[in-house]
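Any value given below was found using the heavy atoms of this structure, including those in side chains, with hydrogens, waters and symmetry copies removed. Naming convention: chains lettered A, B, ... in sequence-line order (proteins, then strands); numbering from 1 in each chain.
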Protein chains: 2
Amino acid sequence: MTSATGGSQPKYWLIAVNLGEAINGGRYVAGSRLPGENDIMREHGVARATARQALAQLVNWGLAEARKGSGIYVREFRPIVRDGIERLGPSTWPAGASVWAAETEGREMAVDQLEVAQADAPGHIRALLGLADGGRAVLRSRRYVLDGKPVLLSRSWLPTAIAAGSPITQPDPGAGGIYARLAELGHAPVRFREDLRSRMPQPTEIERLALAPGTPVVEICRIAFDAGGTPVEANEMTADASAYVFRYEFDR
Amino acid sequence: MTSATGGSQPKYWLIAVNLGEAINGGRYVAGSRLPGENDIMREHGVARATARQALAQLVNWGLAEARKGSGIYVREFRPIVRDGIERLGPSTWPAGASVWAAETEGREMAVDQLEVAQADAPGHIRALLGLADGGRAVLRSRRYVLDGKPVLLSRSWLPTAIAAGSPITQPDPGAGGIYARLAELGHAPVRFREDLRSRMPQPTEIERLALAPGTPVVEICRIAFDAGGTPVEANEMTADASAYVFRYEFDR
DNA sequence: AAGTGGTCTAGACCACTGC
DNA sequence: CAGTGGTCTAGACCACTTA
């Protein structure tokens with residue numbers, strides 16, 4: 001194994017690629033234990049730091065996770081499907097299975113860390129909501145926890161001019177949620193835009209979402225418009241990418 | 001700086017968090033140079049490996065990139081918007097040369113590594129297209145390059161029963177692309193489903209997309225249905241997450 | 001108690017960049 | 001040519017898991 005493909009690639013990389021191919025090739029089942037640092041040192045005749053570097057690659061690729069005092073294990077991917085469109089009304093089309101095995105049934109979604117406040121909206125939110133400089137907004141912030149694992153952070157901004165004095169400013173906005181309250185206020189959301197991007201998480205997100213190393217987050221920014229085209233809500237969400245598949249279905 | 005917040009966190013982590021906050025706080029402009037390994041060793045009184053570990057965190061968080069022989073620099077994020085719905089409307093696909101014309105906005109999108117072949121579809125594609133065991137499919141595979149930087153890999157599968165003998169099996173399917181050809185064959189796509197997930201890239205994807213460390217990929221699996229509800233195309237795409245924002249707009 | 005991964009030090013040589 | 005990051009070695013101590 002000392003000289004393999006081209007010879008120009010570093011040892012730790014070759015070791016990591018070998019192990020990665022073994023995982024993807026199914027030679028290690030999800031959840032099973034991989035060779036540890038000592039095994040790699042012995043098998044490949046390398047120093048400890050080199051073996052660690054190889055394993056760090058597998059962790060960064062999202063293929064493995066380290067458990068202190070125990071070993072390195074193959075990660076699993078069991079996402080839930082978040083349907084961006086059909087959520088609002090069932091269609092006549094057959095509900096297709098996802099490419100990626102997704103299991104929603106029997107899993108409990110809970111809400112956590114709920115906070116409601118009035119605040120000065122940051123610049124990009126003001127621009128999205130069409131608020132004047134210093135325009136204030138209602139911020140509803142919360143965390144979603146699936147089977148004990150936090151999976152989504154949500155920060156929902158609504159113009160104070162619309163929401164002030166309504167149940168929207170209460171922790172529990174009542175049956176139907178804030179969209180039902182907006183409808184009662186004459187601002188029923190009828191059009192939505194969702195922008196998605198993915199990136200690696202920041203330390204605060206790593207902590208709040210309890211993210212394993214090698215896990216990206218997906219940022220979703222949803223804007224809801226009423227019938228007059230006025231933006232009535234901007235919802236910034238941060239999702240654990242290993243927990244979600246995002247689905248959009250549309251015609252034409 | 002030797003003892004900061006709680007005291008329980010490792011040195012390299014505190015150094016990385018400090019630098020990360022400095023970047024997010026705007027104290028380092030995008031593209032500017034960060035303190036190097038020697039600077040950190042001197043300023044924090046740590047060994048070389050510890051300084052490297054701190055900088056590796058910044059790279060893994062996607063905040064910085066290392067340039068051999070030069071230094072460590074703050075990364076920039078300049079994505080293009082991929083509109084998942086308006087893009088596939090009837091006004092764009094019969095006429096436009098490619099779906100990308102609407103999105104590139106002055107930047108140059110090229111196609112690369114184009115391959116067309118007939119192949120045995122893998123199991124998950126067979127399931128999505130409703131193909132029998134051993135059912136063959138046409139595979140159109142290509143790479144999109146934006147301003148010299150590869151940004152998207154695409155593997156499009158079509159049932160041989162539909163596509164065989166048509167221009168779809170040619171490298172250049174003609175004006176309007178394969179969707180116009182499918183329409184001529186009586187299988188005009190009228191409904192689409194896109195499933196998105198994000199994960200860290202594998203070595204082959206790192207190479208084909210020339211990905212910087214700390215960059216996730218977004219996998220998009222799009223399925224196109226004709227008016228009869230028959231799936232006529234499954235397109236597996238792999239995008240450089242730092243190059244894209246995915247946009248979906250919908251009513252109700 | 002033995003084994004594991006996590007952190008850290010103190011060296012070394014290399015390839016590359018920039019002046 | 002001096003400085004940079006990339007790779008690698010050979011140690012050390014720690015906290016944690018498992019049996």
Side-chain angles (χ1 to χ4, degrees), chain A residues 1-19 28 31-60 63-75 203 206-207 211-214, chain B residues 1-19 28 31-60 63-75 203 206-207 211-214:
Chain A
M1 283 300 158
T2 38
S3 68
T5 49
S8 62
Q9 297 176 60
K11 293 182 191 174
Y12 80 88
W13 184 265
L14 295 173
I15 297 170
V17 167
N18 275 346
L19 278 171
Y28 291 99
S32 65
R33 193 173 182 279
L34 292 169
E37 299 176 359
N38 295 330
D39 301 312
I40 291 176
M41 290 170 69
R42 195 169 38 242
E43 291 168 16
H44 293 85
V46 294
R48 185 138 209 269
T50 304
R52 280 186 63 75
Q53 204 174 359
L55 293 173
Q57 287 302 314
L58 292 175
V59 170
N60 282 334
L63 291 178
E65 66 183 340
R67 295 183 204 152
K68 230 186 313 185
S70 174
I72 301 246
Y73 298 83
V74 179
R75 275 183 73 175
I206 293 173
E207 192 187 344
L211 294 171
Chain B
M1 285 302 159
T2 39
S3 69
T5 50
S8 62
Q9 297 177 59
K11 293 181 192 176
Y12 80 88
W13 184 265
L14 295 174
I15 297 170
V17 168
N18 276 345
L19 278 171
Y28 291 100
S32 64
R33 192 172 182 280
L34 291 170
E37 299 177 359
N38 295 329
D39 301 313
I40 291 177
M41 290 169 69
R42 197 170 36 241
E43 290 168 18
H44 293 86
V46 294
R48 188 162 158 72
T50 305
R52 280 186 64 75
Q53 204 174 358
L55 292 172
Q57 288 302 314
L58 292 175
V59 170
N60 282 335
L63 292 178
E65 66 182 341
R67 295 183 205 153
K68 230 185 315 182
S70 174
I72 302 245
Y73 297 84
V74 179
R75 274 182 73 175
I206 292 173
E207 193 187 344
L211 293 170

Quiz item: Would a distance-only check, ignoring hydrogens and angles, find a side-chain to backbone donor-acceptor pair under 3.5 Å from A/Asn18 to A/Ile15?
Solution: no
Self-check item: From D/dA12, D/dT7, C/dT9, nucleotide with atom closest to A/Arg48 side chain
Solution: D/dA12
Quiz item: How long is the span from the CG atom in A/Leu58 to the CG atom in A/Leu19, to the nearest 0.5 Å?
Solution: 5.5 Å
Quiz prompt | Whole-Å gap separating C1' (D/dG3) and CD1 (B/Ile40) | solution = 15 Å
Quiz item: DNA chain D: A/Trp13 or B/Asp39, which has the more 5' nearest nucleotide?
Solution: B/Asp39
Quiz item: Base, sugar-phosphate, or nothing: which does A/Ile72 touch, judged by heavy atoms less than 4.0 Å apart?
Solution: sugar-phosphate
Self-check item: A/Leu14 CG - D/dT7 P separation (whole Å)
Solution: 11 Å
N/O-N/O pairs, protein side and nucleotides 17-19 of chain C side, under 3.5 Å:
| residue | atom | partner | partner atom | Å |
| --- | --- | --- | --- | --- |
| C/dT17 | O4' | B/Gly69 | O | 3.4 |

Practice problem: Considering just the side-chain nitrogens and oxygens of B/Tyr12, establish if one lies under 4.0 Å of OP1 or OP2 belonging to C/dT7. | Solution: yes
Quiz item: Of the candidate nucleotides D/dT7, C/dT9, D/dT9, which contains the atom at the shortest distance from the side chain of B/Thr50?
Solution: C/dT9
Practice problem: Could you walk me through whether B/Val46 and B/Tyr12 pass the side-chain contact (heavy atoms from CB on, under 4.5 Å) test, one step at a time? | Solution: CA-CA 9 Å; B/Val46 294; B/Tyr12 80 88; over 6 Å; no
Self-check item: Integer-rounded Å distance: C/dG11 P and B/Asn38 CG
Solution: 14 Å
Quiz item: Across the strands shown, which category fits B/Ala66 at heavy-atom distances under 4.0 angstrom: base, sugar-phosphate, nothing?
Solution: sugar-phosphate
Self-check item: CG-CD distance between B/Leu63 and B/Gln57, expressed to the nearest 0.5 angstrom
Solution: 10.5 Å
Quiz item: Given atom CG of A/Leu34 and atom P of C/dT4, what is their separation to the nearest angstrom?
Solution: 14 Å
Self-check item: Nucleotide D/dG3, atom P - distance to CD of B/Glu37 in whole Å
Solution: 14 Å
Quiz item: When you measure from the side chain of B/Lys11, which nucleotide among C/dT9, C/dT7, D/dG6 comes out closest?
Solution: C/dT9
Quiz prompt | Value rounded to 0.5 Å, distance of CG in A/Asp39 from CZ in A/Arg42 | solution = 5.0 Å
Self-check item: Rounded interatomic separation in angstrom, taking CD from A/Gln53 and P from D/dC8
Solution: 7 Å
Quiz item: In whole angstrom, what separates B/Glu65's CD from D/dT4's C1'?
Solution: 15 Å
Exercise. In whole angstrom, give the distance that lies between atom CZ of B/Arg52 and atom C1' of D/dT4.
Key: 10 Å
Quiz item: Rounded to the nearest 0.5 Å, what separation is found between the CG atom of A/Leu34 and the CD atom of A/Glu65?
Solution: 10.0 Å
Quiz prompt | B/Arg52 bridged to B/Glu37 by N-O distance under 4.0 Å | solution = yes
